[in-house]
S.K.: 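Input: one structure, supplied below.
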Amino acid sequence: MGMRQEQTDVLVIGGGTAGFGAAVAAGRQGLRVTLLEGTTKIGGVMAFCPGMPWGGGYPQDRIIGGLIEELTLRLAAMDPPAAEKRPCKLENFGPEIVYDHDIATLTMFEMLEEADVRVRLGAMALEPEMAHNRIKRVSCCDRNGPFVVASRIVIDCSGDGDISAKAGVPFMLGDASGNMMAVTISFHMVGVDWAAAFADPDPYFQQYASRGVARGRLHPDLGKLYLMRGFHDGTVFCNSVHVRGVDGTDPVAVGQAAQEGRRRCLQLAQFLRSDVPGFENAHMSILSPTVGVRETRKLEGLYRLTGEDLARATRFPDGIVACDNPIDDVMRSDADMTHEAAIGAGGFYTIPFRSLLPSRIKNLMFAGRILSADPVAFASVRGMPQCMAMGQATGTAAALALRLGTSVQEVPIHALIASLTEQGINRLAECGSN
């Protein structure tokens, strides 16, 4: 039996929020789209940390628009509603979208079905086959063995950028010293008395956490507790357990970090029950199946977004999504958490399309947390709504490139911005792009 062969117009690698955005956008343009996801469900960090709010989607308290707005409105219109906008009490964070994780996942699968995307779960992209400055086909595998996908355009939304790196796109791993943000494992506490639990005005529960650390009942990195009201009454999303020094590209290291994280989660759950008012009758639930990885490779694009760009509120002519998220850095090496404002109050910046394009490979784009950005800018742009919008931009650009017979680098920016604006991405017209 010969190698299985498949053909598609667009191959999207990775089914996180960026890959979802890319696949739906390309499918709605009438393209044949294949989405490869190595796990059993789409959503990326949504799958690894169920219940993680969609934060950073409201620059100047207005939603960024596009697919994230469509998804939110679909969920909010259900009876009972499955999503809502809430303020975030953490410093420098704007409103967030909280949602029913399972219904959101179901709805995202339905949107992929409606766009006629072929979703391949449990399938991994292994190696690109190059033909000059293009990816000709990609070797893949699933439980039935190897197969090959020939694609006219490849969009890498894998989070780690394996295929892009193997295709020769330069990258940096973590920051200039190779340090990456901590990985996180989350869980819910169910049966919490919200009124009692959130009576303390300190959003980080530091008086309780410091006592737990001092008594050896909590890991020293748990000096601040990130406890947020879950979508459903009486649930609390616990986003507190971070494990430092993990190379997210090393599956063995990720597995070890997940087990260490599980131990710390159980320790924290027991501490909450015994020491924090409102948690006396609660129990731990929905423990993440593995850690959520924030940062690995940052690919080299035509433009590298910088912290200075953010601080100057730069609105690029090829900006494809507006942002104002804080510099949300998480325990990189020996550093602490930071939530510093990226931009002055009431401002926003945009992510340029050039940060999603390699310089040399003519049919490759990348989106999500592998975009071209320095560590400061990366800490602001990595939110799920922004990743979904980046994916939406690449899926739209794929249709333009194929329709016009151009490379992805030659896609006319005015046409891309016009299409994204028509699709509901907000504020792009304010950047002088149209």
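Computed from a prediction, not measured in an experiment: that's the story for all the values here.
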S.K.: Begin from the C-alpha positions of I63 and I97 and carry the test side chain to side chain contact (heavy atoms under 4.5 Å, CB included) through to its verdict.
M.R.: CA-CA 10 Å; I63 196 165; I97 303 164; 4.1 Å; yes
S.K.: Going by an N to O cut-off under 4.0 Å, is there a salt bridge joining K224 and D336?
M.R.: no
S.K.: How long is the span from the CG atom in D200 to the OH atom in Y208, to the nearest 0.5 Å?
M.R.: 5.0 Å
S.K.: Between D162 and R297 (salt bridge meaning N to carboxylate O under 4.0 Å), is one present in this structure?
M.R.: yes
S.K.: List the atom of M108, the atom of I42, and the distance in Å for their closest heavy-atom pair.
M.R.: CB-CD1, 3.6 Å
S.K.: What I'd like to find out is whether the side chain of I135 reaches to under 4.5 Å of the side chain of I361, using heavy atoms alone.
M.R.: yes
S.K.: Please examine the side chains of L268 and L218, heavy atoms only from C-beta on, and report whether any two atoms are closer than 4.5 Å.
M.R.: yes
S.K.: Does H101 use its side chain to pair, donor to acceptor, with the backbone of M46 at less than 3.5 Å?
M.R.: yes
S.K.: Does a side chain donor of either R262 or Q259 reach within less than 3.5 Å of an acceptor in the other side chain?
M.R.: yes
S.K.: What's the shortest heavy-atom distance between I64 and I68, and which atoms?
M.R.: CG1-CG2, 3.5 Å
S.K.: Look at the side chain of R360 and the backbone N and O of V169, then say whether any donor-acceptor pair between them is shorter than 3.5 Å.
M.R.: no
S.K.: Can any side-chain N or O of Y99 pair as donor or acceptor with the backbone N or O of M52 at less than 3.5 Å?
M.R.: yes
S.K.: To the nearest 0.5 Å, what is the distance between OG on S359 and CG on L299?
M.R.: 11.5 Å
S.K.: For the backbone of H242 and the side chain of R264, can you confirm whether one donor and one acceptor N or O come within less than 3.5 Å of each other?
M.R.: yes
S.K.: How long is the straight-line distance from CZ of R244 back to CE of M331, given to the nearest 0.5 Å?
M.R.: 5.0 Å
S.K.: Under 4.5 Å between any side-chain heavy atoms of Y58 and F93, yes or no?
M.R.: no
S.K.: Okay, side chain of T39, backbone of K41: is any donor-acceptor separation there less than 3.5 Å?
M.R.: yes
S.K.: Which atom names give the shortest non-hydrogen contact between A397 and L416, and what distance separates them?
M.R.: N-CD1, 3.9 Å
S.K.: Between Y226 and Y204, how do the two ring planes meet: parallel, tilted or perpendicular, split at 30° and 60°?
M.R.: perpendicular
S.K.: Atom OG1 of T421 and atom CG of L428: how far apart are they, to the nearest 0.5 Å?
M.R.: 4.5 Å
S.K.: Identify, with sequence neighbours excluded, every residue that meets ring pair (Phe, Tyr, Trp, His ring centres under 6.0 Å) alongside F348.
M.R.: none
S.K.: With no hydrogens and no angle check, do the side chains of D160 and S158 hold a donor and an acceptor under 3.5 Å apart?
M.R.: no
S.K.: Does CG in D250 sit with more than 12 non-hydrogen atoms of other residues, nucleotides or ligands closer than 6.0 Å?
M.R.: yes
S.K.: Report yes or no: do T34 and R120 form a side-chain donor-acceptor pair below 3.5 Å?
M.R.: no
S.K.: Could you tell me whether the side chain of R382 reaches within less than 4.5 Å of the side chain of Q386, counting heavy atoms only?
M.R.: no
S.K.: Given R86 and M228, is the side chain to side chain contact (heavy atoms under 4.5 Å, CB included) satisfied, shown in steps?
M.R.: CA-CA 11 Å; R86 288 184 191 168; M228 292 159 272; over 6 Å; no
S.K.: I'd like to know if the side chain of N325 and the backbone of G55 have a donor-acceptor N/O pair within less than 3.5 Å.
M.R.: no
S.K.: Is the closest side-chain donor-acceptor distance between Q29 and R403 under 3.5 Å?
M.R.: yes
S.K.: Are side-chain heavy atoms of M78 and T107 found at a separation under 4.5 Å?
M.R.: yes
S.K.: Give a yes or no on whether a salt bridge exists between D61 and K85, defined as a side-chain N under 4.0 angstrom from a carboxylate O.
M.R.: yes
S.K.: When you measure from the side chain of E84 to the backbone of V98, do you find a donor-acceptor pair of N or O atoms at a distance under 3.5 Å?
M.R.: no
S.K.: How far does CZ of R263 sit from NE2 of H219, to the nearest 0.5 angstrom?
M.R.: 11.0 Å
S.K.: With side chain to side chain contact (heavy atoms under 4.5 Å, CB included) as the test, would you mind laying out the steps for M111 and F20 before giving the verdict?
M.R.: CA-CA 9 Å; M111 291 172 71; F20 166 80; 3.8 Å; yes
S.K.: Rounded to the nearest 0.5 Å, how far apart are CG of N426 and CD of Q60?
M.R.: 11.5 Å
S.K.: For Q207, look at atom CD and say whether over 12 heavy atoms of other residues, nucleotides or ligands are found less than 6.0 Å away.
M.R.: yes
S.K.: Do T396 and Q392 get their side chains close enough for a donor-acceptor pair, meaning under 3.5 Å?
M.R.: no
S.K.: Under a 3.5 Å threshold, yes or no: a donor from one side chain and an acceptor from the other, between D309 and T306?
M.R.: yes
S.K.: V246 and E260: side chain to side chain contact (heavy atoms under 4.5 Å, CB included), yes or no, with the steps?
M.R.: CA-CA 11 Å; V246 180; E260 172 59 23; over 6 Å; no
S.K.: Do the side chains of F378 and L371 get nearer than 4.5 Å, heavy atoms only?
M.R.: yes
S.K.: I'd like to know if E300 and R304 make a salt bridge, using a cut-off of under 4.0 Å between side-chain N and carboxylate O.
M.R.: no
S.K.: I'd like to check W194 versus V236 (side-chain heavy atoms, cut-off strictly below 4.5 Å). Are they in contact?
M.R.: yes
S.K.: Taking all atoms of both residues into account, what is the closest heavy-atom pair of D324 and G347, and its distance?
M.R.: CB-O, 3.5 Å
S.K.: Of all heavy-atom pairs between F231 and A82, which one has the smallest distance, and what is that distance?
M.R.: CZ-C, 3.4 Å
S.K.: Does the D156 side chain pair with the main chain of S164, one donor and one acceptor, at a distance under 3.5 Å?
M.R.: yes
S.K.: How about M284: does its CE atom have over 12 heavy atoms from other parts shown lying under 6.0 Å from it?
M.R.: yes
S.K.: Do L305 and F316 touch side chain to side chain, with heavy atoms closer than 4.5 Å?
M.R.: yes
S.K.: Would you check if the side chain of T338 reaches a backbone N or O of D329 as a donor-acceptor pair within less than 3.5 Å?
M.R.: yes
S.K.: Please determine which of V12, I155, V411, V154 meets the side-chain contact (heavy atoms from CB on, under 4.5 Å) test together with M365.
M.R.: I155
S.K.: Indicate yes or no for a side-chain donor-acceptor contact from T8 to the backbone of S151 under 3.5 Å, with no hydrogens or angles considered.
M.R.: no
S.K.: Considering all heavy atoms of both residues, which atom of R369 and which atom of K298 are nearest to each other, and what is their separation?
M.R.: O-CG, 4.3 Å
S.K.: Side-chain donor-acceptor pair under 3.5 Å between S186 and S288, yes or no?
M.R.: yes
S.K.: Enumerate donor-acceptor pairs with a distance under 3.5 Å from any side-chain N or O in residues 171-181 to protein atoms, sequence neighbours excluded.
M.R.:
{"unit_1": "D175", "atom_1": "OD1", "unit_2": "S177", "atom_2": "N", "d": "2.9"}
{"unit_1": "D175", "atom_1": "OD1", "unit_2": "G178", "atom_2": "N", "d": "3.0"}
{"unit_1": "D175", "atom_1": "OD1", "unit_2": "N179", "atom_2": "N", "d": "2.8"}

